[in-house]
Trainee: 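First, the structure itself, so that you have it in front of you.
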Amino acid sequence: MILYTLRQLLSILLLPGVVTVLVSWLILRRTGSFHPGRLLTAPWNILLMVVGGLFILAGLTLIISTIALFVRIGKGTLAPWDPTRKLVIRGPYRHVRNPMISGVLAVLLGESLFFASLPLLEFFGFATLLNMIYIPLSEEPGLIKRFGEEYLTYCQHVRRWLPRIKPWQG
């Protein structure tokens, strides 16, 4: 149990943790934009901080809920080197195929708004583009190999990026 918990923590720290915390912190440090809303005057700076905070909160909620599903149902981690043993099609996965990435991107967008940081917004754009290329070319073929027809059926009913309003009941 301790080893399993350590594997989970390592995957969290190395994947969404590095992207949403370490890289963002390095960008803010390098550009000197640690002061929330620094470029705008009230009320716009406050509005940006509130909207950014809401995006961060929504993103963290998605990240935490998907990690919990990976542990409870998938019996694995979010890391490609220690993947889930079972296909997870519960919770937010019934609405969209990539809620973990959606959560990470929501946090990055929220950080760029909260800090009114153009470099963070550029990083958000880069991360979005990278995932739009990586997921269909690398991650999805791996999921097809691991889960076969079950995953293909899931893909027919749940979109990659745009969530379904009504959850898929497959």
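The figures that follow rest on heavy atoms only: side chains count, while hydrogens, waters and symmetry mates do not.
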Trainee: Could you pull out the closest heavy-atom pair between S112 and L121, with the gap in Å?
Mentor: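 S112 and L121 have their closest heavy atoms at CB-N, 3.4 Å.
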Trainee: Is M132 close to T128 at the side-chain level, that is, under 4.5 Å between some pair of heavy atoms?
Mentor: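 Yes; the side chains approach each other to less than 4.5 Å.
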Trainee: Rounded to the nearest 0.5 Å, how far apart are OG1 of T20 and CZ of F124?
Mentor: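 Nearest 0.5 Å value for the OG1-CZ distance: 13.5 Å.
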Trainee: If you measure from NE2 on H95 to CD1 on I165, what distance do you get to the nearest 0.5 Å?
Mentor: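 Here the rounded value is 9.5 Å.
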Trainee: Considering only Ile, Leu, Val, Met, Phe, Trp and Tyr, and joining two whenever side-chain heavy atoms are under 4.5 Å apart, list the other residues clustered with L137.
Mentor: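 Grouped by the 4.5 Å side-chain rule, L129, I133 form the rest of the cluster around L137.
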Trainee: Please test K75 against R85 for side chain to side chain contact (heavy atoms under 4.5 Å, CB included), starting from the C-alpha separation and ending with a verdict.
Mentor: CA-CA 6 Å; K75 306 296 183 207; R85 282 118 186 94; 4.1 Å; yes
Trainee: How would you list, by chain and number, every residue that makes a side-chain hydrogen bond (donor to acceptor under 3.5 Å, both in side chains) with E149, sequence neighbours excluded?
Mentor: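 Here no residue qualifies.
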Trainee: In Å and rounded to the nearest 0.5 Å, what is the CZ to CG distance from R30 to L28?
Mentor: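 Spacing of CZ (R30) from CG (L28) equals 12.0 Å.
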Trainee: If every non-hydrogen atom of I101 is compared with every non-hydrogen atom of I135, which pair is closest and at what distance?
Mentor: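 Heavy atoms of I101 and I135 come nearest at CG1-CD1, 3.8 Å.
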Trainee: Donor-acceptor pairs under 3.5 Å, side chain of residues 138-148 to any protein atom, not counting sequence neighbours: which ones?
Mentor:
from	atom 1	to	atom 2	distance (Å)
E140	OE1	R160	NH2	2.9
E140	OE2	R97	NH2	3.0
E140	OE2	R160	NE	2.8
R146	NH2	T84	O	2.7
R146	NH2	T84	OG1	3.3

Trainee: For N131 and W161, what are the C-alpha separation, side-chain angles and deciding distance, and is it a side chain to side chain contact (heavy atoms under 4.5 Å, CB included)?
Mentor: CA-CA 10 Å; N131 278 289; W161 301 113; 4.1 Å; yes
Trainee: If you round to the nearest 0.5 Å, how far is CG of L22 from CZ of R29?
Mentor: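 If we round to the nearest 0.5 Å, R29:CZ and L22:CG are 11.0 Å apart.
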Trainee: Table please: side-chain donor-acceptor pairs of residues 61-68 below 3.5 Å, with sequence neighbours left out.
Mentor:
from	atom 1	to	atom 2	distance (Å)
T61	OG1	L57	O	2.8
S65	OG	T61	O	3.2
S65	OG	L62	O	3.1
T66	OG1	L62	O	2.9
T66	OG1	I63	O	2.9

Trainee: Test of understanding: with ring pair (Phe, Tyr, Trp, His ring centres under 6.0 Å), list the residues that count as partners of W168, not counting sequence neighbours.
Mentor: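 With sequence neighbours excluded, W168 shows a ring pair (Phe, Tyr, Trp, His ring centres under 6.0 Å) to Y154, H157, given in chain and number order.
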Trainee: Between V96 and L60, is there a shared hydrophobic cluster once you connect ILVMFWY residues whose side-chain heavy atoms come closer than 4.5 Å?
Mentor: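 Cluster IDs for V96 and L60 differ.
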Trainee: Working to the nearest 0.5 Å, report the span between OG1 of T31 and CZ of F115.
Mentor: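 These two atoms lie 10.0 Å from each other.
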Trainee: Quick one: list whatever passes side chain to side chain contact (heavy atoms under 4.5 Å, CB included) with V21, sequence neighbours left out.
Mentor: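 Checked V21 against side chain to side chain contact (heavy atoms under 4.5 Å, CB included); zero matches.
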Trainee: Would you give me the side-chain donor-acceptor pairs under 3.5 Å for residues 102-111, sequence neighbours excluded?
Mentor:
from	atom 1	to	atom 2	distance (Å)
S102	OG	N98	O	3.0
E111	OE1	S24	OG	2.5

Trainee: Which heavy atom of V19 sits nearest a heavy atom of F123, and at what distance?
Mentor: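 Between these two residues, the closest heavy atoms are O-CE2, 3.6 Å.
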Trainee: Does atom CZ (F55) have a neighbourhood of more than 12 heavy atoms from anything else shown, all under 6.0 Å?
Mentor: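 No, CZ of F55 has 12 or fewer neighbouring heavy atoms, counting only those of other groups under 6.0 Å.
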Trainee: Locate the shortest heavy-atom distance separating P119 from I27; write the atom from each residue and the value.
Mentor: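 Looks like CB-CG2, 3.6 Å.
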Trainee: Crowded around R90 CZ? As in, over 12 foreign heavy atoms under 6.0 Å?
Mentor: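 Open.
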Trainee: Of the non-hydrogen atoms in V158 and R94, which two are nearest, and what is the gap between them?
Mentor: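 V158 and R94 have their closest heavy atoms at CG2-O, 4.0 Å.
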Trainee: Check whether any side-chain N or O of R164 sits under 3.5 Å from a backbone N or O of K166 as a donor-acceptor pair, and report yes or no.
Mentor: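 Checked: pair present.
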